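Just so you know, these numbers come straight off a predicted model, no measurement behind them. Chain identifiers are assigned alphabetically (A, B, ...) following the order of the sequence lines, protein sequences preceding nucleic acid strands; residue numbering begins at 1 within each chain.
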Number of protein chains: 6
Amino acid sequence: MMKRLLITGAAGGLGTMARKRLSHLAETLRLSDIVPMGEAAPNEEHVVCDLADGAAVEELVKGCDGIIHLGGVSVEKSYDLIEAGNIRGVYNLYEAARLHGLPRIVFASSNHTIGFYPQSQRLTADMPTRPDGWYGISKVYGEAVAHMYHEKFGQETAILRIGSCFEKPVDRRMMATWLSYDDFVSLMERVFTVPKLGCATIWGASANTCGWWDNSHIGWLGWKPKDDSEVYRAEVEALPPRPADAPDVLYQGGKFTADPVFRD
Amino acid sequence: MMKRLLITGAAGGLGTMARKRLSHLAETLRLSDIVPMGEAAPNEEHVVCDLADGAAVEELVKGCDGIIHLGGVSVEKSYDLIEAGNIRGVYNLYEAARLHGLPRIVFASSNHTIGFYPQSQRLTADMPTRPDGWYGISKVYGEAVAHMYHEKFGQETAILRIGSCFEKPVDRRMMATWLSYDDFVSLMERVFTVPKLGCATIWGASANTCGWWDNSHIGWLGWKPKDDSEVYRAEVEALPPRPADAPDVLYQGGKFTADPVFRD
Amino acid sequence: MMKRLLITGAAGGLGTMARKRLSHLAETLRLSDIVPMGEAAPNEEHVVCDLADGAAVEELVKGCDGIIHLGGVSVEKSYDLIEAGNIRGVYNLYEAARLHGLPRIVFASSNHTIGFYPQSQRLTADMPTRPDGWYGISKVYGEAVAHMYHEKFGQETAILRIGSCFEKPVDRRMMATWLSYDDFVSLMERVFTVPKLGCATIWGASANTCGWWDNSHIGWLGWKPKDDSEVYRAEVEALPPRPADAPDVLYQGGKFTADPVFRD
Amino acid sequence: MMKRLLITGAAGGLGTMARKRLSHLAETLRLSDIVPMGEAAPNEEHVVCDLADGAAVEELVKGCDGIIHLGGVSVEKSYDLIEAGNIRGVYNLYEAARLHGLPRIVFASSNHTIGFYPQSQRLTADMPTRPDGWYGISKVYGEAVAHMYHEKFGQETAILRIGSCFEKPVDRRMMATWLSYDDFVSLMERVFTVPKLGCATIWGASANTCGWWDNSHIGWLGWKPKDDSEVYRAEVEALPPRPADAPDVLYQGGKFTADPVFRD
Amino acid sequence: MMKRLLITGAAGGLGTMARKRLSHLAETLRLSDIVPMGEAAPNEEHVVCDLADGAAVEELVKGCDGIIHLGGVSVEKSYDLIEAGNIRGVYNLYEAARLHGLPRIVFASSNHTIGFYPQSQRLTADMPTRPDGWYGISKVYGEAVAHMYHEKFGQETAILRIGSCFEKPVDRRMMATWLSYDDFVSLMERVFTVPKLGCATIWGASANTCGWWDNSHIGWLGWKPKDDSEVYRAEVEALPPRPADAPDVLYQGGKFTADPVFRD
Amino acid sequence: MMKRLLITGAAGGLGTMARKRLSHLAETLRLSDIVPMGEAAPNEEHVVCDLADGAAVEELVKGCDGIIHLGGVSVEKSYDLIEAGNIRGVYNLYEAARLHGLPRIVFASSNHTIGFYPQSQRLTADMPTRPDGWYGISKVYGEAVAHMYHEKFGQETAILRIGSCFEKPVDRRMMATWLSYDDFVSLMERVFTVPKLGCATIWGASANTCGWWDNSHIGWLGWKPKDDSEVYRAEVEALPPRPADAPDVLYQGGKFTADPVFRD
């Protein structure tokens, strides 16, 4: 059990769930976001913090022995916003970690690092990235940061390429990308339990029958997702059909591949 | 649900089963064979048709929005018969499809496209073919046709390399190659449901413990075979033992590898 | 040195060159084509023969201890013509060879078996075929025939995927695909000299700097092409530029990828 | 059912279990060890035998139609002991088998043939060996012997790279390497049942969630391990934590990688 | 021949050489740097420009039909400098290109994208990156930008992973990484001549006997480096020996792997 | 330049050549064999030594900073002889090296480690071994020893899988396997010059046009063989032809694959 686990982006959807479901991992949860996070539970510390502010991030990380980094921009946005939250923000986070004892990090990367692969292709984690926009580029960058800090300084990171972490899949593409809350939680438990983590890339998806991603390289982690989107098949197939050339039918990154560059 | 699904080879063993089990896929089943197919059910249309007759095939295909092509020769026979049914027949079928709206096709290919691989080797669908006779050659040809029509005209095909689609496995080799009727049916359901099929090669076998073929590349299809030949293990092992150098012990194609060229 | 070497398609461009340059390989050259081949040289036998005529082909092959099979259709044509020359013709040829001592065969296959690969991709001989038309399909078929006769009957074949065998490259695509006459000749010498040939697939191209095809798997053959299209670079670059989306710029098969299906 | 199955090393831990659990495989179990093996059951023959004694080994093997070779040194020891039991011993065994009818052999190899791979790497059986000491070297040697006798003389062997075959896993590393007794037994049943075995390398581990080894290449064998170390997770995690740089945390071979060369 | 070729970083070492040697590629060379670039030759336009200034970069790019992007930081520096020149700078450049006709770009990437690979490993361009510092991370990012703009907007880029582009190799590591000026020039000629470039990753090294990088995937480009560092072997071996565990002996990235994070 | 270079097996064919051609590598050559080695040159020390004698080998190795280990049995012989020279002998050598400063070792391995591969297959050094007899097994063992001493103790070895190191090729198989004396010498120079050697496997063959082995993984070593057996083509082709099923035509190991087990 950790002393203090930092969760960034704690006001977001995934952060809110993580906050509720992961309190058993540490004596104290330190939660942070750029906006207030509501009332603090007894074992919680709340810190409102802009990831682009290096001094603030250093303060935030100090004293933590684990970090789940969900903060920053999580969809396609303007370059300025992505640079602040996901480029500079990740620099700030890893520098803070390097200066304060190398707490183990979960880095929320994304399927948008590989979004331009067709949905008919099975992927392994060592295949070249194919980011589908500026958000995806920022995550490729973040993964590179994680690797460099691992090789040079010994910083451990679980690079988690999240598919779609929601209560249930709500469209066809999510049948492949869905990561259930339960599976997310069991993964976090394994990540913070194994004696040695290294810098592993993990496809963040449940055991979906129609999934695209091969996690066999992380068998050693002992994580076995239990959920399968197939139980929602009927519900999803009841939705209106999608044209065969729609981006959410063609590409693993779905609609992101069709987003323009947002200029502001 | 399709308007009209064409099943060729409907008088054969697999066709007869398909006819019974797949009527929910379309408003009308159009059945065809070179011989009569018995009494037509209410939602069936019967067309006796020689696949070597281009005009007849064009007529047959017109108005269908899906085709399960089981017709033609299905064992080692003389070249003339194979040319008529499987070479010219496939030309006729794909031309008809090209001229009439590119209905999605299931092409019944075969393990005999790769029959000379030893049974001890696990195969992926992108390995070179090793046909075990003229029947196997005709199926390599048919797969090439499917690919060309896909790349040049956008025709979609499920290339189904059928192992042994029977009620149950009746010899040792079929323990590996068996495709249960239920799994065949669930596969057809998926093939005609996915928004985009492309030109996928599918190993047509159930989830047999002792299987040879790796279907992980079509995870995206969402087909999960449920049956395992292992439940018939005792029954099959009760058969007389086979010598270690018998073709049905050595090769994935089994006895076909020992067939001569039939000259008439 | 062979007793009698059969060259089919001897009236064609490649056949005419082969006839002149390969007479040292055998005491007698037996030349065949569907049209007359001009005056016979002292060591030549001429046989006008339709490859679709099985009895004639059997007669043609009898008594030969080597075959260079250049005959049949060599560009995109109607299915009927391709079936006669390249489908039935190849059946006739291999059956004749099987019945008459398994003379070693060079089978003129083609880059059109893989024509839909982009020009930016390097290919190895074990990659899946991607034929670019009916001509390419017939060559995929022919390769399958060669493999089956090898595995079942021990027939040896050099499957030669010819790029562009001409005096010199005359367009940009041929800079990659060019096979010089000298390199063709030295290859034929090796093919008929090695004690064991098996059923090898050989990319038929010279040592072109900008080539696409990896022949490292046939190093054992001892064939080292000497020519490089680069000496014709200036000449070819002087031609009018081609648009970046032209089929001869995009695909290894060039313009064949844009050919329609010829119906007659 | 075999006439006579020889189990060497029958006095050891694994041998004792095998003796109890495998009596249904043969009419007679011939047990051997360098030390006495207690009272013989009705269907047992006991032979005390030094594997380094060629004549004795030949006598031992004569009349057997199957061999499970567990004998020799099974941990890091001095070279002299390893040479006697595992180097010369294996020569003696395979020569005896060659001279007496090529009985099918199970060769107890070890994870110590690949012990220097990191625990974070998934292995296939065709990857280069990385032995972690002299014991591991002797097993690399033994595997080479098995392959040579297979290719030259047709001797069949199941090369079984045993992880940790014990009643249950008792430390973290064994969570990945554990081979349950039941799974060992079912494997022996398959090995002596399949019509053709060849010379297959088999990872000897149960279906552990956190396992390292890929057995998909031996699907044809029809062996499906049923046990998963995960049921012992709580028990094992209750042990004191291990430092991240301990050999049993870093390497698949665990503590063996840190053993010195024992000089006597 | 291009109308106007932009070379950024034109005041640097590589830029100065490029300026002299590449004037035949375009009617006008537009040169830019953050510092003055000396006297302008008749066919040169000089623009002092900070790459972090988006409006200035847009102005710079307008009217160019080719870009050789050598600008930005080229060694390990503080994050702020790298962000300005290599992160934001590349955003500015690609946005400008997108808005002004997608001129073909050469992006000067670096061996420091893969600097943590050992020198004993041969690399292909599709292997995962292993950046050796913040400079290397910025180049991984830049490559991701190039790929995304290619897949989403059709922007073509030659991603050139430069080894060491100097007059000659001056230490042992540069024997492997050296890219001669002549080979750089011939590469630029090919990059701006081929009808279709796509988004190719090119190892920027000469034909060094002891090189590490496999460029066989870009054979189609028709670039054949002519120089080999081996002619400088004696000179380099005369240098004092290096310890076997020095970073410039261990890693492809050499001393960069030992650089700290510069905080200002 | 080394102080003292030990060459074992110095009375053999390869040893005799090495002794003459490698004297520039060290101030003193220490030569050893089990038989006398003739008159000692001024810079030579001669030591008659049985490799099976551990104390003698330790004495032999002491004081050397490099070893070229050509000693032991070099053809198929009885197990006893192979065990003494190649099994125990290699144990003795590596233990001596470990106890005396880890001098860099060249280990003369052999193509007979992979002798059962067909001549038509191109090999990389990481493919599984396929020894063709007891001699080949002993070399697989020796390679395992080299790897273990490297990973556990840091001992560096060049594992040199020698093809046929003779003055010139004298049969067809040697056209592929020939290693010229000059190329052997230049390799030794590189092996003892590179700052870091590790434990590299090197195919010991010249740049033969018809070679089988891929040395691209050791490009970093900077060894470029200059000779090509092709200059002896006419001479070798003048020999009587070999049947297509002769072991020297089928297998890379040639006639060794047909050797029996020599029992004394």
Check whether K152(F) reaches the backbone of D259(D) with its side chain - one donor and one acceptor, N or O, closer than 3.5 Å.
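At least one qualifying donor-acceptor pair exists.
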Student check: side-chain heavy atoms of V261(F) and F153(D) closer than 4.5 Å:
yes
Taking C-beta and beyond as the side chain, do H147(D) and T129(F) meet within less than 4.5 Å on heavy atoms?
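Heavy-atom side-chain distance check fails, nothing below 4.5 Å.
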How long is the span from the CZ atom in R130(D) to the CE atom in M148(F), to the nearest 0.5 Å?
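Atom-to-atom, R130(D):CZ and M148(F):CE are 13.5 Å apart.
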Roughly how far, to the nearest 0.5 Å, is CD1 of I87(F) from OH of Y141(D)?
5.5 Å
Grab the two heavy atoms, one from I137(F) and one from V145(D), that are nearest each other, plus how far apart they are.
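Heavy atoms of I137(F) and V145(D) come nearest at CD1-CA, 3.7 Å.
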What pair of heavy atoms forms the shortest contact from P131(F) to A144(D), and how long is it?
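That closest heavy-atom pairing would be CG-O, 3.7 Å.
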Heavy atoms under 4.5 Å from chain D: which residues of residues 59-81 of chain F carry them?
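Residues in range: Y79(F), D80(F).
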For [X], is it the side chain, the backbone, both or neither that has a heavy atom under 4.5 Å from a heavy atom of chain D?
| X | result |
| --- | --- |
| D126(F) | both |
| R88(F) | both |
| Y251(F) | neither |

With only heavy atoms counted, which part of F256(D) is less than 4.5 Å from chain F, the side chain, the backbone, both or neither?
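The backbone, not the side chain.
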Answer with side chain, backbone, both or neither: which region of L99(D) has an atom nearer than 4.5 Å to a non-hydrogen atom of chain F?
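For L99(D), the side chain is the part near chain F, not the backbone.
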Can you tell which of P260(F), S138(F), G133(F), P128(F) has the highest number of heavy-atom pairs within less than 4.5 Å of chain D?
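That would be G133(F).
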Considering only heavy atoms and a distance below 4.5 Å, find which of Y91(D), Y149(D), F116(D) pairs most often with chain F.
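Greatest number of close heavy-atom pairs with chain F: Y91(D).
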